[in-house]
Amino acid sequence: MFPDLRRDVAMPIVGSLALFGMLVGSGLLFAALQGGRASGNLVTAMFIDAIMVVGLQIYIGNTGVFSFGHIGFGAIAGYAFALFAIDPVDKATRIAGAPWGLADVSVSPFVATLIALVITLAVAAVIGLGLARSGAESGAVAATVITLALLFVTHEVARSWVSVTGGERAGLTFGIGKILDSRWPIYVALLGSIIVARLFAQSRAGRLAKAAREDNLAARAMGVNPISQQTIALLLSVAVVAVGSSLRVYDIGSVLPGLFFFDYTLLTLVMLVVGGRNSVTGAVLGVAVITTVREVARRLGSDGYEFFGIGLEAAPLGWVFREGLPRVVLGLAMLGFMIWRSDGLISDWELDGWLWRKIRPPEAAPEVPAAIASDPEAKLVADGIVVDFGGFRAMDNASMVASGGEIVGLIGPNGAGKTTLVNVITGMVEPSGGSVSLAGKDLTAAPSYKIARSGLVRTFQNLRLFSLLTVRENVETSALVAQQHGSGKKLPTVDELIVAAGLWEHRHRRASELDYGNSRRLELARAAALGPTFLLLDEPTSGMSDSESLDMIEQVRTMASMVGAGILVIDHDLNFITGICHRIYCLDQGAVIADGSPSEIQADPQVQAAYLGISAPA
């Protein structure tokens, strides 16, 4: 579950304790300096807001799916908590006719929180199914719309279902002296939420979710099922939000429909966006910053507030410094950060990650291991592939066979169907006819992530790396999938692959910081880490010089031999293709017009006519 226990478990816990200490310490210091009940209430609200925002970060930050509906989940949890925690005597004046005997139920706040957690998770599981069917795994906007709809539905139900919620006017209220009277439950929940969020981000599920966040198509090509990771993130985040919502209701002492609606949605999302939604540290920072800014705006907009003896509510400043100023500030903060700094104040920077970089022990580059024997019986067969895009036939009864350990090339002019054939083989395009199989297993109708897990792993013509992840994290993504779904054969370690790719000195750099040649090497190493039966390479030398192409020949051979993989490669560079391939297929207008050894292909009249521009003999 965790690739490195010191880096992924010990340091996140240490960093979480430090982050918790800084937030709580600064809050208590502020309350002590300001004095008064109002300052104490502000600090308590900030701690609860931090729980809620960290819950949002678990889902939004790791999956990239922007959710407006988590406060809707909070409403469900808040009302469920109130229904079970409020004494029947107090409920008798508000919801005496509640169904299912709810008016007579009374349990401890702790048990009520657990009940609210279970109910909210059940609703989240149903919503998760809807998100999966909507295409949330590919980042579809429908996911955001579904979560927004949840927010409005919960609000309207809270307003209308008076016999259960008390409606818009009465609501549900705890009796005098029965509300939360200590911050200790908040402290425990806050620390727990931070630790859970950091451990999830470093876990296998969190890392795979972040890979899909960075490039969904590439993640699926590496065997990642985004739906699984997003569902785990959703349930975990909703659990944190449910606990935070229960504490919010318990602290305030009542719940009305407006408590968990658009104002609170805007507040928590602004906190997350301003700090940095890809970072737990950023989420906590955003809470502290926006709480401070909002309080300053509230004071500036208050009647009678003076600045250097000047009443700000008076003309000509009255239209700015007014009661609604905090909302205006929140809206401007959201708008400004989404336009000019969408990754927030600190992007994905984490306190424990910074600490780890300072104290991590020196690392020695490992030796590159010996080659692994491939299985010559593991044949890749594409038989009679037909692909129609509307009225255009992109593939016309194309067939090819590659044996394990063999290097097979695909050549042809632009538009011949080379990439389309690879897309069909790897599940990116559904064929109109024909079949694809590996070692006798039919993969024609399998989704792309299952095809990758079965042993067919690809690179892309246009680079598709996980940009914000480091070189090591890119390769670790595939290694994590291989550990869980691989064939069981012994594979080189992540660091051994990085060394073999010539990227050891760059292992801690983000993928987005690499030059083109190193980016290509990283993409190849990431594909090899899955331990495939076949590597499918789409123009790996595109944009390279002749010398770089020659280096790539050795790179491809090295990576394939380390994992015992055969190769199917597309390229326009004939020197590369003839220098590396055992056999070559030539395509033209979606059909295979020739296949054979490099020398046979070069001498074939049809190939010369279609590919080299030489007229075929009459």
Side-chain angles (χ1 to χ4, degrees), residues 9-32 39-59 70-71 73-74 76-78 80-82 84-86 107-121 124 174 177-203 235-253 255 260 264 268 271-272 275 280-281 283-288 291 350-352:
V9 177
M11 288 308 301
I13 292 176
V14 170
S16 297
L17 288 168
L19 191 59
F20 169 81
M22 287 188 287
L23 180 66
V24 171
S26 61
L28 295 181
L29 178 62
F30 170 81
S39 297
N41 290 340
L42 176 66
V43 169
T44 300
M46 181 180 72
F47 295 158
I48 294 174
D49 290 343
I51 298 170
M52 300 291 287
V53 174
V54 168
L56 289 175
Q57 194 280 330
I58 292 174
Y59 183 68
H70 271 61
I71 300 307
F73 290 119
I76 295 169
F81 171 80
F84 286 91
I86 293 177
V107 298
S108 69
F110 177 74
V111 174
T113 301
L114 294 179
I115 294 172
L117 180 62
V118 171
I119 292 173
T120 311
L121 284 175
F174 288 81
K178 298 178 182 178
I179 62 174
L180 183 65
D181 59 359
S182 170
R183 287 200 188 109
W184 281 107
I186 299 175
Y187 293 152
V188 172
L190 176 57
L191 178 58
S193 66
I194 294 173
I195 291 175
V196 166
R198 283 300 300 129
L199 290 179
F200 174 74
Q202 296 300 109
S203 69
L235 296 177
L236 193 60
S237 69
V238 166
V240 172
V241 166
V243 172
S245 299
S246 299
L247 288 170
R248 187 168 190 241
V249 171
Y250 197 22
D251 177 62
I252 294 174
V255 56
F260 294 99
Y264 198 52
T268 52
M271 288 174 168
L272 182 61
V280 178
T281 306
V284 173
L285 175 64
V287 171
T291 299
E350 293 287 5
L351 177 60
D352 57 88

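None of the values given here were measured: they were computed from a predicted structure.
Put simply, CZ on F81 and CD1 on I119 are 12.5 Å apart, with the number rounded to the nearest 0.5 Å. To the nearest 0.5 Å, atom CD1 of residue I194 and atom CD1 of residue I13 are 13.0 Å apart. Here the CD-OG1 distance, from Q57 to T281, works out to 9.0 Å after rounding to the nearest 0.5 Å. How far OG of S246 is from CG of L114: 9.0 Å, rounded to the nearest 0.5 Å. L285 CG to L351 CG: the interatomic distance, rounded to the nearest 0.5 Å, is 11.0 Å. To the nearest 0.5 Å, atoms CZ (F73) and CG (L56) are separated by 11.0 Å.
Under the rule for a side-chain hydrogen bond (donor to acceptor under 3.5 Å, both in side chains), T268 has no partner lying at least two apart in sequence or in another chain. With sequence neighbours left out, the side-chain contact (heavy atoms from CB on, under 4.5 Å) criterion links I252 to R248, S254, L259. Under the rule for a side-chain contact (heavy atoms from CB on, under 4.5 Å), the partners of L191 that lie at least two apart in sequence or sit in another chain are L17, F20, I195. Remark: A31 pairs with V43 by the side-chain contact (heavy atoms from CB on, under 4.5 Å) rule, at least two apart or across chains. Residues forming a side-chain contact (heavy atoms from CB on, under 4.5 Å) with A189 (at least two apart in sequence, or on another chain): I51, V243, L247. Among residues two or more places apart in sequence or in another chain, the side-chain hydrogen bond (donor to acceptor under 3.5 Å, both in side chains) test is passed with S237 by H70. With sequence neighbours left out, the side-chain hydrogen bond (donor to acceptor under 3.5 Å, both in side chains) criterion links D49 to Y264.
Using modelled atom types, one side-chain atom of E350 and one backbone atom of V280 make a donor-acceptor pair closer than 3.5 Å. Listed for the S245 side chain is no donor-acceptor partner under 3.5 Å among the backbone atoms of A242.
In plain terms, the two heavy atoms of S16 and R198 that are nearest each other are OG-CG, 3.7 Å. Across S193 and V54, no two heavy atoms sit closer than the pair O-CG1, 3.5 Å. Contact detail for A283 and L272: the closest heavy-atom pair is CB-CD1, 3.9 Å. Here the shortest heavy-atom pairing between L235 and A124 reads CD2-CB, 3.9 Å. Here the shortest heavy-atom pairing between V107 and A112 reads CG2-N, 3.7 Å.
Annotation: side chain to side chain donor-acceptor pair (under 3.5 Å) contacts involving residues 179-192, sequence neighbours excluded, comprise T44-R183.
Note: F174 and Y250 meet the aromatic proximity criterion, with ring centroids under 6.0 Å apart.
Using a 4.5 Å heavy-atom cutoff, the side chains of L190 and L23 are in contact. Counting heavy atoms from C-beta outward, F200 and V240 have side chains that stay 4.5 Å or more apart. Two residues are said to be in side-chain contact when any heavy atoms from C-beta on lie closer than 4.5 Å; M52 and I71 meet this criterion. Side chains of Q202 and V9 form no contact here, defined as non-hydrogen atoms less than 4.5 Å apart. Considering only heavy atoms from C-beta on, V238 comes within 4.5 Å of L121 through its side chain.
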List the steps and the verdict of side-chain contact (heavy atoms from CB on, under 4.5 Å) for K178 and I86. CA-CA 9 Å; K178 298 178 182 178; I86 293 177; over 6 Å; no
